[in-house]
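Take a look at the structure below.
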Number of protein chains: 2
Amino acid sequence: MVRKPTSRETARKPNMREAILAAAEELFATNGFNAVSVRDIAQAAGANPGSVTYHFKTKDGLLLEIYRRHCGPMNLRRSELLAAAKRVRDLQDRLEAIVRAYVVPAFTSGSDLAGGGARFTRLRAVMSAEGNEVARKIIAQTFDDTSHAFIDAIHESLPHIPRTDIVWRSHFLLGALYYSLVTPDRVSRLSRGEADGSDAAGAIEQLVQATVAAFQAPALDQAAPARRRPVASSKT
Amino acid sequence: MVRKPTSRETARKPNMREAILAAAEELFATNGFNAVSVRDIAQAAGANPGSVTYHFKTKDGLLLEIYRRHCGPMNLRRSELLAAAKRVRDLQDRLEAIVRAYVVPAFTSGSDLAGGGARFTRLRAVMSAEGNEVARKIIAQTFDDTSHAFIDAIHESLPHIPRTDIVWRSHFLLGALYYSLVTPDRVSRLSRGEADGSDAAGAIEQLVQATVAAFQAPALDQAAPARRRPVASSKT
DNA sequence: ATGTGATTTGTACTATCGTACAAAAGATCA
DNA sequence: TGATCTTTTGTACGATAGTACAAATCACAT
């Protein structure tokens, strides 16, 4: 015998723990946290409800473990792509590369998790909408650093735009990103079948193209007061 | 006697029915549908749990009534503003006016509902994220017409952009709009206090400015193949 | 004042929730 | 093989969910 991992890695069935995690991820991402019961998850994973308690103690613990599983690889990937993007010479190209470095890992697999990128991002979107406490804590801890790094990088390639505007626009980017993963069918519907909202590559290209243009818009301070507001309020 | 409305409109307390609706709206919009119990709503409204059943029969019925209450006024307001926007001569100004006509009613009061616009839009965002069935049906029925009208109007002022791109970009707009209402605190945090995410007027200006630029971006077909992708995938 | 219909209250029922825990089953190695 | 540890199963418990319903209360026309 060469070496046996302390019998920790080997489960009777092909890793029931992973099956539960995957099922929970899928169900939480599509239905929200409170709409999914532990029994739903167990059934979807082909496991016993008690098995969920054994592996993750509580339902919150299960959600926490999902975040732990993805956050590391995703942020690592983003850092790598961001570092590469910052080395791009041409300013216009660099901005696009930075935006792409932010968007791509959210749509595609984090690392060895198969196709889990989009699913996890959608999960984050739903948890954010529900104001989930567990998610809120993790996000503030884990993602704010990454967000700041991207904002700074974008600001460097657009020095004439105030940082405040960049924050707003990157916020819009994240919102658009989230919404694209939450309701891809709406794109298919509104385009009358001409576009496929579920096509990750297409969504990425559209999102990158639109976002780069949004970042390059003139700053608000200098643009807003110079123009009259074209639409008057109907009442006030 | 002139005429008395069959004593249907008069409630003992200052309209308990409205209080329940308002409380439910607020709670649903901040915590999601399933996280809020009928008892929570009743308590927040200062009512008895049974009173909710009396007025709205079921919890779904309550949500349905919230939508019914807002959809009409909001779409009407949007139609008015859109009609006015379409009369703007200058193409650039017209585009901005159209975007504003789409955004403003989502942030401000629908009609006589005090400040309910933002709350209701946030509710829609959360229901959309949770994949709520009741909401999904209403939205497809009520909002798709409006969305098509706006997409057509934008397309008219940007004839060189394919309709598919406009659909995607309007989808991003809605996502950004939703997200701004869902987590305004994130903007405040990331801007280190320089921007206030809860300031509706500021959010509107930022969103309009960024979105107009996004719509004006070159079409994807002609732009994407002409440029090399600046970032290579780190693995593939 | 009184009767009538609209509303509110209080309570109860059943279903399902998250979680706990003991027993069974499987794996590992002396 | 038998001892030991890990994992799975089955079941149960208290809490809370949505909803139903009878009794109490109110507003108001007569």
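Quick note on labels: first sequence line is chain A, next is B, and so on, each numbered from 1. Fair warning: this is a prediction, and the values are worked out from it, not measured in the lab. FYI, side chains are in, hydrogens and waters are out, and symmetry mates aren't considered; it's all heavy atoms of this structure.
The distance between atom CZ of A:Phe56 and atom P of C:dA20, rounded to the nearest whole Å, is 15 Å. Distance CD (A:Gln43) to P (D:dT8): 17 Å, rounded to an integer number of Å. As rounded to whole Å, 12 Å separates atom C1' of D:dA17 from atom CD1 of B:Ile41. We find that CZ of B:Arg17 is positioned 9 Å from P of C:dT7, with the value rounded to whole Å. If you take CZ of A:Phe33 and C1' of C:dC17, they are 12 Å apart, rounded to a whole angstrom. Following rounding to the nearest Å, A:Ile20 (CD1) and C:dG18 (P) show an atom-to-atom distance of 14 Å. To the nearest angstrom, P of C:dT9 lies 6 Å from CE of B:Met16. If you measure from atom CG of B:Asn31 to atom P of D:dA17, you get 13 Å, rounded to the nearest angstrom.
Of the charged side-chain nitrogens involved, at least one lies within less than 4.0 Å of a carboxylate oxygen, so that A:Asp152 and A:Arg163 count as a salt-bridged pair.
Between the CG atom in A:Asp196 and the OG1 atom in B:Thr164 there is a gap of 11.5 Å [rounded to 0.5 Å]. Atoms CG and OG, on B:Leu190 and A:Ser147 in that order, are 5.5 Å from each other to the nearest 0.5 Å. Annotation: the span from A:Leu181 atom CG to A:Phe107 atom CZ amounts to 4.5 Å, rounded to 0.5 Å.
Listed pair B:Tyr54 / C:dT8 fails the phosphate criterion, with no side-chain N or O lying under 4.0 Å from OP1 or OP2. Applying the 4.0 Å criterion to OP1 and OP2 of D:dT8, one finds that A:Asn48 has every side-chain N and O outside that range. Contact annotation: A:His55 side-chain N/O to D:dT6 OP1/OP2 distance is not under 4.0 Å. B:Thr53 has no side-chain polar atom (N or O) that falls below the 4.0 Å cut-off from OP1 or OP2 of D:dA20.
Looking at B:Thr183, its side chain never comes within 3.5 Å of a backbone N or O of B:Arg186 through a donor-acceptor pair.
The residue B:Val36 sits close only to the backbone: its heavy atoms come under 4.0 Å of sugar-phosphate atoms, none of a base. Residue contacts shown for B:Ser37 are limited to sugar-phosphate atoms, with no base heavy atom under 4.0 Å away.
Closest to the A:Arg39 side chain, of the nucleotides D:dT19, C:dT19, D:dA20, is C:dT19.
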